[in-house]
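Residues take their numbers from the sequence shown, with the count starting at 1. In this text the structure is predicted, and so the values were computed from the model without any measurement.
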Amino acid sequence: MKLYIGIDLGTSAMKLLLMSADGTIHNTVTKEYPLEFPQPGWSQQNPEDWKKALFEGVPELLNGFDASAVAGIGAGGQMHGLVVLDENDNVIRPAILWNDGRTAKQVDYLNNGIGKDKLSALTANIAFAGFTAPKILWMKENEPENFGKIAKIMLPKDYINYILTGVHSCDYSDASGMLLLDVQNKCWSKEMLEICGITEAQMPKLFESYDCIGTVDPEIAEKLGIPGTVKVCAGAGDNAAAAVGTGVVGEGGCNISLGTSGTVFISSEKFGVDPNNALHAFAHADGGWHLMGCMLSAASCNKWLLEDIFGTSDHAAEQAHITEDKLGENHVFFLPYLMGERSPINDTNARGTFIGMTMDTCRADLVLSVLEGVAFAIRDSVEVARSLGITINTSKICGGGAKSPLWKRIFANVLNCELEIPVSEQGPGMGGAMLVMVACGEYETVKDCCGKLCAVADTVKPEPELVAKYEARYQQFKKIYPAVKNLFPEIQ
């Protein structure tokens, strides 16, 4: 029996899983690592911590299993992070992450100096603070010495693939979020590279997510305790990998991911762009494309309120106080913009905001308002997709936040959409393992693999009475951000 390793290189931890071709997950291991916030709104991480997690995690994952049966490794990873290597392939500075907000000036230059129309024509997207290109410009302006040392620009999971194989690679789904890729034609945009002051020689080689980029370097294989014949696939950005793991491939699939960030992911066999660029137009790991709306703080909003403010880690106990009569009747609203916001408002100055509190507001009202606020913000992106004529009556839902029955129910009613819960909740790691199965010839296509391995465990259906209540609440929610938008820059 062949075994496959899937890696989810997340923001707070690396999650590894061991899987066989029939979809059985034999073991999982999680290795946490720190985040650095050197200034308000900044977010970075040391790639050496990812490497350490890999070297500790793989042997632990294989403990008690036949390591010689491992045939492939595939990774899904946090997108947009700027990883820069010098001519000796040493990391030059900490990786600037997807949720870093330091690039407001560079985003403004790209969107208003270069122009949104031109960016969209070159890359199918406009600039957002989290994207990689603005970070490169920030580095050029603020760290010229480091900028001058750059020999290779990579994304987080590509650094892991480099450690494994010695190959500088990137797949189309992850590269789509750099603002450097001509998404439609699947090649680096020479004009965008020029705008950022870099060359194609500094960029990794491009692959489809299910392409084999090479085998594990013999020395690394020995350290990990695996054969040197193990194949490594290009892998995918975390959202594309999670979509594969939940079976959202081909035409018209939808997945909502409730992790640290929150996303709406709509797969397509045809390339298409939202004319207002509120949704990202990216390549998909199945060889097609997808539209995606991304909010920067989703389940992390709930974690922040309960753990940092209330000082409890018992999330279920907090939600137990939210009684049936409160649903759709809460007078407190929450704007979930703790790290600024991406889709669809693209505002680095936006901040988390409670509004509507009175003397009878209780703790449960605040908890509920956060759950609802995240659902309303996801609906903002869903409404953009619907305005493009895309029908979303059913969606998969995954991620840590999707473990809450209450939150899933709120989402189903806020979106007026049936939510399907996958049998496996392994997200990007499972997607990575499935992609490498295709690279190893276990399945002919990603779609075939999904058809065999992705099953639905349960469905949460909208309730007409609650749908009507949440429709009214959403219409109120929509008015809050425009009303307070101009205050945010003043209070920074």
Side-chain angles (χ1 to χ4, degrees), residues 242 246 248 253-265 293 295 297-306 310 312 314-336 354 356 361-383 385-386 391-425 427 455-478:
T246 56
V248 178
C254 183
N255 183 49
I256 291 164
S257 177
L258 272 183
T260 303
S261 62
T263 56
V264 180
F265 186 109
M295 59 182 297
S297 305
S300 51
C301 290
N302 190 47
K303 187 175 189 289
W304 161 79
L305 180 69
L306 301 191
F310 291 162
T312 176
D314 194 342
H315 292 207
E318 290 297 323
Q319 292 184 17
H321 295 293
I322 298 169
T323 50
E324 184 71 27
D325 58 304
K326 288 184 181 290
L327 298 183
E329 302 283 355
N330 193 4
H331 57 276
V332 182
F333 288 90
F334 175 68
L335 297 185
F354 286 103
T361 297
C362 65
R363 183 164 166 148
D365 296 333
L366 297 183
V367 176
L368 178 58
S369 73
V370 168
L371 303 181
E372 290 172 337
V374 172
F376 290 144
I378 285 283
R379 178 163 167 186
D380 282 343
S381 286
V382 168
E383 287 303 310
R386 286 172 173 161
T391 302
I392 303 173
N393 294 327
T394 306
S395 176
K396 299 280 182 22
I397 188 164
C398 68
K403 290 181 172 59
S404 160
L406 173 64
W407 215 350
K408 283 183 288 206
R409 189 179 171 201
I410 290 168
F411 262 89
N413 287 293
V414 166
L415 301 177
N416 192 15
C417 171
E418 283 193 10
L419 297 179
E420 295 179 341
I421 293 91
V423 167
S424 174
E425 278 280 7
V456 173
D458 194 15
T459 303
V460 182
K461 296 187 175 185
E463 305 149 65
E465 195 180 329
L466 265 185
V467 168
K469 286 182 178 181
Y470 273 121
E471 178 60 33
R473 297 259 304 133
Y474 174 67
Q475 295 306 325
Q476 293 171 326
F477 173 87
K478 272 181 18 178

Glu465 atom CD, over 12 foreign heavy atoms within 6.0 Å: no
By side-chain hydrogen bond (donor to acceptor under 3.5 Å, both in side chains), Lys461 pairs with (sequence neighbours left out) none
Applying ring pair (Phe, Tyr, Trp, His ring centres under 6.0 Å), name anything that partners Phe265, two or more places apart in sequence or on another chain. His284, His290
Are more than 12 heavy atoms, taken from residues, nucleotides or ligands other than Lys303, located less than 6.0 Å from that residue's NZ atom? no
Side-chain donor or acceptor of Tyr474 paired with backbone N/O of Phe376 under 3.5 Å: no
Would you call Thr361 and Leu366 a side-chain contact if the rule is heavy atoms closer than 4.5 Å? yes
Starting from the C-alpha separation in whole Å, work towards a yes-or-no answer on side-chain hydrogen bond (donor to acceptor under 3.5 Å, both in side chains) for Asp325 and Thr323. CA-CA 6 Å; Asp325 58 304; Thr323 50; 2.5 Å; yes
To check you understand the geometry: which heavy-atom pair defines the closest contact between Ile397 and Ala402, and what is its length? CG1-CB, 3.9 Å
Mind checking salt bridge (charged side-chain N to carboxylate O under 4.0 Å, His left out) for Glu471 and listing every partner two or more places apart, or none if nothing turns up? Arg379
Considering all heavy atoms of both residues, which atom of Pro464 and which atom of Pro462 are nearest to each other, and what is their separation? CD-O, 3.9 Å
Any side-chain heavy atom of Leu335 sitting closer than 4.5 Å to one from Phe477? yes
Of all heavy-atom pairs linking Pro336 and Met295, the shortest is CG-CE, 3.7 Å
Residues passing the side chain to side chain contact (heavy atoms under 4.5 Å, CB included) test with Arg386, sequence neighbours excluded, are Val382, Glu383, Ile392, Cys417
Distance check, rounded to the nearest 0.5 Å: Thr263 atom OG1 versus Leu258 atom CG? 8.0 Å
Can you list everything that forms a side chain to side chain contact (heavy atoms under 4.5 Å, CB included) with Ser300? Sequence neighbours excluded, please. Thr260, Ser297
Applying side chain to side chain contact (heavy atoms under 4.5 Å, CB included), can you list everything that pairs with Asp458, at least two apart in sequence or on another chain? Ile421
Any side-chain heavy-atom pair of Val367 and Phe310 under 4.5 Å: yes
So which heavy atom on Cys254 is nearest to which on Val264, and how close? SG-CG1, 4.1 Å
What's the shortest heavy-atom distance between Thr246 and Pro422, and which atoms? CG2-CG, 3.6 Å
Kindly give the heavy-atom pair with the smallest separation between Val374 and Ala298, and that separation in Å. CG2-O, 3.7 Å
Quick one: does Glu318's side chain get under 4.5 Å of Thr312's, heavy atoms only? yes
As an exercise, state the distance from OG1 of Thr459 to CG of Leu419, rounded to the nearest 0.5 Å. 9.0 Å
How far does CG of Asp314 sit from CG of Leu306, to the nearest 0.5 angstrom? 9.0 Å
So CG of Leu466 and CD of Glu329: to nearest 0.5 Å the spacing works out to 9.0 Å
Sequence neighbours left out, what pairs pass salt bridge (charged side-chain N to carboxylate O under 4.0 Å, His left out) with at least one residue falling in residues 365-375? Lys326-Asp365, Glu372-Arg473
Under the criterion side chain to side chain contact (heavy atoms under 4.5 Å, CB included), which of Leu327, Asn330, Ile410 is the partner of Ile322? Leu327
Please tell me if the side chains of Val414 and Val467 come closer than 4.5 Å, counting only heavy atoms from C-beta onward. no
Applying side-chain hydrogen bond (donor to acceptor under 3.5 Å, both in side chains), which residue pairs with at least one partner in residues 394-410 are found, sequence neighbours left out? Gln319-Ser404, Glu324-Arg409, Arg409-Glu463
Set of side-chain hydrogen bond (donor to acceptor under 3.5 Å, both in side chains) partners for Asn393, sequence neighbours left out: none
Could you tell me which residues satisfy ring pair (Phe, Tyr, Trp, His ring centres under 6.0 Å) with Phe333, sequence neighbours excluded, listed by chain and number? none
Could you list the residues that satisfy side-chain hydrogen bond (donor to acceptor under 3.5 Å, both in side chains) with Glu420, not counting sequence neighbours? none
With sequence neighbours left out, write down each residue that passes ring pair (Phe, Tyr, Trp, His ring centres under 6.0 Å) with Phe354, or none if nothing qualifies. Phe334
